[in-house]
Chemist: 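The structure that follows is given in the form of structure tokens.
Remember, it's a predicted structure, so these values are computed and weren't measured experimentally.
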Amino acid sequence: MTAFSTSPGTRDILAPDSERWRAFQNVFAEVALASGYRYIIPPMFEDLGVFLRLGEATDVVTKEMYDFEDKGGRRIALRPEQTASVCRAFVEHRPVTPWKVWYAGPNFRYEKPQQGRYRQFDQVGVEVLGVDDPHLDAEVIALADEFYRRLGLRKVELAINSLGDAGDRQRYADALQAYFTAHKASLSAESQTTLAKNPLRVLDSKRKEDQSVIAGAPKIEEFLSPAASEHFAEVKRSLTGLGVSFTVNERLVRGLDYYRRTTFEFVSTALTAAHTAIGGGGRYDGLVEELGGPATPGIGFALGLDRTLLACDAEGVFPAPNGDVSVFVVDTTGGSHATRLCRVLRGAGISADRAFDGRSMKAQMKAADRSGAKIALIVGTNEVESGSIVMRSLSSGEQTTIAHGDAVSAVTQLLANQGS
RNA sequence: GUGGGCGUAGCUCAGUUGGCUAGAGCGCCAGGUUGUGGUCCUGGAGGUCGGGGGUUCGAGACCCCUCGUCCACCCCA
């Protein structure tokens, strides 16, 4: 019989990585909660239509959607991201604005896996609905910046841009369409294909043969309305005031069609792989409306958990937390003493483990060593007769005999001494 | 979806132009140590060589297909 393994693009996250993931999400939760964001848990699948609003020209929608028909005949899709779900939730519940939420969890995209890219991938992120103020844009960006700092990352660069309002964006897209069409012959075959679908995305091409054409392309700046232009200027002023360094990248258009005005992206310069973007986001004024809600401005970002952790590895920061127990109980009399001792210790808030199956003392000591415990409590026939326990420091090898009832206090004291 | 590399023990890998019952290190189990781990020594368990088909007297090695994985393109976190 053939054993099963995980589906392509998915994997088991085992300890200690799994504990690192939890710690990662905990740090993000702290940062978000400190800024007034509340936790939201949207469903992992929704009506396909929710995600079609991401834009008909986006690959996420056209070729990467995990969609299927459920037993009730509904068109369902596993969420490829969470922004659309949050907006749908906003329309459904109509919370008072500003509505500030944060989230963490898996998304699904049917792509070919490679480094830093999986079919099931985790993101953490925030969204704010109902606020147009450029100071919010700065707050949101600064929040991501603060999070990276808390992880210990230093080699993260922030690029920002403004795509203008819907009208600006459209006029710019038209201008790009005209420009690139005029220079079509000089573009790569891939970019020519892209041009037909979304001229903005041609700016994103990394191909060498496209660079000279891209360099001469019209700039978004010239198409921004006075309002959008002033909004962007205020975002930049606010960021500068916060001490968040950034560069303006006029070619930063990002992959999802719903972006308006402010867009931003975080890139790790410590990563050498193909995917160095570890987070990004922007404004999506108009998305709520498209989902059937009232005209509502929105902004948010999502950070890729995998990629950010890869960046952490590259910088040698944010290691996995220690998951070792404090005490390991060795019982050579059958195991019932270990059962009771573990219960007492755990009840007192001291993490404890023990061996099973009546293994030899040597084997149990080996297990104790491997457990990473600081202390071994040893109960053999001698100890049972005298009502005592041997307490051994696994680092120094020193051991003392304590009274059976003193286990918690003696262990607490020894741990305190070794803790420093 | 396209292209390339790689699939041999739990892990990392070696296996000469195809040739005995497929190896190493680490890990695991047991013993050396009749109550005590981390070092050392000895022994042991564990592999349908990703799967299927083919060539051959003979295939882990060669051919075809397939699956998986890694990397890159596309795109994105």
Side-chain angles (χ1 to χ4, degrees), chain A residues 1-11 14 54-55 57-64 80-83 104-125 144 188-191 193-194 197-198 201-202 204-207 253-257 264-268 271-281 300-311 328 330-333 355 357 359-385 390-399:
Chain A
M1 147 142 153
T2 350
F4 288 106
S5 59
T6 56
S7 291
T10 69
R11 67 255 201 258
L14 306 178
L54 300 180
T58 67
D59 284 0
V60 169
V61 169
T62 56
K63 57 180 232 192
E64 297 169 2
E81 54 125 57
Q82 301 192 46
T83 302
N107 302 318
F108 307 85
R109 290 181 197 173
Y110 194 88
E111 299 183 277
K112 193 143 180 180
Q114 67 185 70
Q115 181 166 99
R117 193 175 70 182
Y118 303 93
R119 288 183 177 174
Q120 178 180 333
F121 63 102
D122 264 59
Q123 288 183 329
V124 296
S188 62
E190 290 80 1
S191 286
T193 311
T194 306
K197 291 186 294 186
N198 187 342
R201 196 92 43 68
V202 176
D204 255 348
S205 169
K206 293 167 210 153
R207 299 181 169 279
V253 295
R254 303 197 45 76
L256 299 166
D257 287 348
F264 54 95
E265 191 167 276
F266 292 93
V267 168
S268 168
L271 289 176
T272 52
H275 301 109
T276 56
I278 57 176
F301 67 72
L303 312 181
L305 206 153
D306 297 286
R307 288 191 194 173
T308 306
L309 286 178
L310 284 174
F328 197 94
V330 172
D331 178 356
T332 58
T333 70
D357 295 334
R359 306 237 275 145
S360 71
M361 171 168 269
K362 176 172 176 162
Q364 290 190 50
M365 284 302 295
K366 200 164 180 171
D369 186 55
R370 206 159 34 212
S371 76
K374 300 279 193 301
I375 296 170
L377 289 183
I378 304 167
V379 180
T381 48
N382 296 346
E383 286 72 28
V384 171
E385 281 173 25
V390 169
M391 180 172 72
R392 178 182 179 88
S393 163
L394 287 169
S395 53
S396 68
E398 290 172 22
Q399 57 185 48

Chemist: Is there a Watson-Crick or G-U wobble partner for B:rG31 with both distances under 3.5 Å, and which nucleotide is it?
Modeler: B:rC41
Chemist: May I have the distance from A:Glu81 (atom CD) to B:rC75 (atom P), rounded to whole angstrom?
Modeler: 18 Å
Chemist: State the pairing partner of B:rU16; accept Watson-Crick or G-U wobble contacts with both distances under 3.5 Å, and report none otherwise.
Modeler: none
Chemist: For A:Glu111, which contact category applies under a 4.0 Å heavy-atom criterion: base, sugar-phosphate, or nothing?
Modeler: base
Chemist: Return the minimal non-hydrogen interatomic distance between A:Phe328 and A:Ala373, and the atom names on each side.
Modeler: N-CB, 3.7 Å
Chemist: Taking pairing as Watson-Crick or G-U wobble with both contacts under 3.5 Å, can you name the mate of B:rU2, or confirm there isn't one?
Modeler: B:rA72
Chemist: Taking only N and O in the side chain of A:Gln115, is any of them less than 4.0 Å away from OP1 or OP2 of B:rC71?
Modeler: yes
Chemist: Distance under 6.0 Å and angle within 45° of the ring axis: does A:Arg119 meet both against A:Phe108?
Modeler: no
Chemist: Is the shortest side-chain heavy-atom distance between A:Val379 and A:Val384 below 4.5 Å?
Modeler: yes
Chemist: Applying a 4.0 Å non-hydrogen cut-off, can you work out what A:Gly380 is touching in the nucleic acid: base, sugar-phosphate, or nothing?
Modeler: base
Chemist: Let's see if you can work this out: which of B:rA77, B:rU36, B:rA30 has an atom nearest to the side-chain heavy atoms of A:Phe121?
Modeler: B:rA77
Chemist: Do A:Gln115 and A:Leu310 come within less than 4.5 Å of each other through their side chains, counting heavy atoms only?
Modeler: yes
Chemist: Is any side-chain heavy atom of A:Leu271 closer than 4.5 Å to one of A:Ile278?
Modeler: yes
Chemist: Mind checking if A:Arg359 touches a base, just sugar-phosphate, or nothing, with heavy atoms under 4.0 Å?
Modeler: sugar-phosphate
Chemist: Tell me what A:Leu303 touches on the nucleic acid: a base, only sugar-phosphate, or nothing, going by heavy atoms under 4.0 Å.
Modeler: nothing
Chemist: Determine: side-chain N/O of A:Gln123 to OP1/OP2 of B:rA77, distance under 4.0 Å, yes or no.
Modeler: no
Chemist: Under a 3.5 Å limit for both distances, which nucleotide forms a Watson-Crick or G-U wobble pair with B:rG7, could you say?
Modeler: B:rC67
Chemist: Just the rounded figure in Å: distance from P of B:rA30 to CE of A:Met361.
Modeler: 14 Å
Chemist: Whole Å only: how far is the CZ atom of A:Phe301 from the P atom of B:rA77?
Modeler: 13 Å
Chemist: Just how far, in rounded Å, is P of B:rC71 from NE2 of A:His275?
Modeler: 10 Å
Chemist: Map A:Asp306 and A:Gly397 onto RNA chain B by nearest heavy atom, then report which one ends up closer to the 5' terminus.
Modeler: A:Gly397
Chemist: Tell me what A:Thr308 touches on the nucleic acid: a base, only sugar-phosphate, or nothing, going by heavy atoms under 4.0 Å.
Modeler: nothing
Chemist: Across the strands shown, which category fits A:Glu265 at heavy-atom distances under 4.0 angstrom: base, sugar-phosphate, nothing?
Modeler: nothing
Chemist: If I take atom CZ in residue A:Arg119 and atom P in nucleotide B:rU69, what distance separates them, rounded to the nearest angstrom?
Modeler: 8 Å
Chemist: Using heavy atoms to find the nearest nucleotide of RNA chain B for A:Ala373 and A:Ala277 separately, return the residue whose nucleotide is more 5′.
Modeler: A:Ala373
Chemist: May I ask you to verify if any side-chain N or O of A:Arg117 is less than 4.0 angstrom from the OP1 or OP2 atom of B:rA72?
Modeler: no
Chemist: Within the structure shown, what part of the strands sits under 4.0 Å from A:Lys362 by heavy-atom distance: base, sugar-phosphate, or nothing?
Modeler: base
Chemist: Between atom NZ in A:Lys112 and atom P in B:rC76, what is the gap in whole Å?
Modeler: 19 Å
Chemist: Rounding to an integer number of Å, can you tell me how far A:Met391 CE sits from B:rG35 C1'?
Modeler: 18 Å
Chemist: Is the base of B:rU36 touched by the side chain of A:Gln399 through a donor-acceptor pair closer than 3.5 angstrom?
Modeler: yes
Chemist: Work out how far the C1' atom of B:rC76 is from that of B:rA59, and round it to whole angstrom.
Modeler: 44 Å
Chemist: Counting only Watson-Crick or G-U wobble pairs whose two distances fall under 3.5 Å, which nucleotide matches B:rU21?
Modeler: none
Chemist: Choosing from B:rC76, B:rG35, B:rA30, which nucleotide comes nearest the side chain of A:Arg201?
Modeler: B:rC76
Chemist: Does any nucleotide pair with B:rU56 by Watson-Crick or G-U wobble geometry, both distances under 3.5 Å, and what is it?
Modeler: none
Chemist: Any donor-acceptor pair, under 3.5 Å, between the side chain of A:Asp369 and the base of B:rG38, if you only look at N and O atoms?
Modeler: no
Chemist: Would you indicate what A:Val379 reaches in the nucleic acid, counting non-hydrogen atoms under 4.0 angstrom: base, sugar-phosphate, or nothing?
Modeler: base
Chemist: What I'd like to find out is whether the side chain of A:Arg117 reaches to under 4.5 Å of the side chain of A:Arg109, using heavy atoms alone.
Modeler: no
Chemist: Do A:Arg392 and A:Met365 have side chains that get closer than 4.5 Å, going by heavy atoms?
Modeler: yes
Chemist: Once you apply a heavy-atom cut-off of 4.0 Å, does A:Asn382 come out as touching a base, just sugar-phosphate, or nothing?
Modeler: base
Chemist: Nearest whole Å is fine: how far is B:rA30 P from A:Asp357 CG?
Modeler: 11 Å
Chemist: With the side chain of A:Arg370 defined as its heavy atoms from C-beta on, choose the nearest nucleotide among B:rC28, B:rG35, B:rG68.
Modeler: B:rC28
Chemist: Does A:Gly125 reach a base, just sugar-phosphate, or nothing at all? Heavy atoms under 4.0 Å.
Modeler: nothing
Chemist: Taking any heavy-atom pair under 4.0 Å as a contact, classify A:Pro80: base, sugar-phosphate, or nothing.
Modeler: nothing
Chemist: If we take the C1' atom in both B:rA24 and B:rG46, what is their distance in whole Å?
Modeler: 15 Å
Chemist: Describe the nucleic acid contact of A:Tyr118 in one word from base, sugar-phosphate, nothing, applying a heavy-atom distance below 4.0 Å.
Modeler: base
Chemist: Compare all side-chain heavy atoms of A:Ile378 with those of A:Gln364 and state whether any distance is below 4.5 angstrom.
Modeler: no
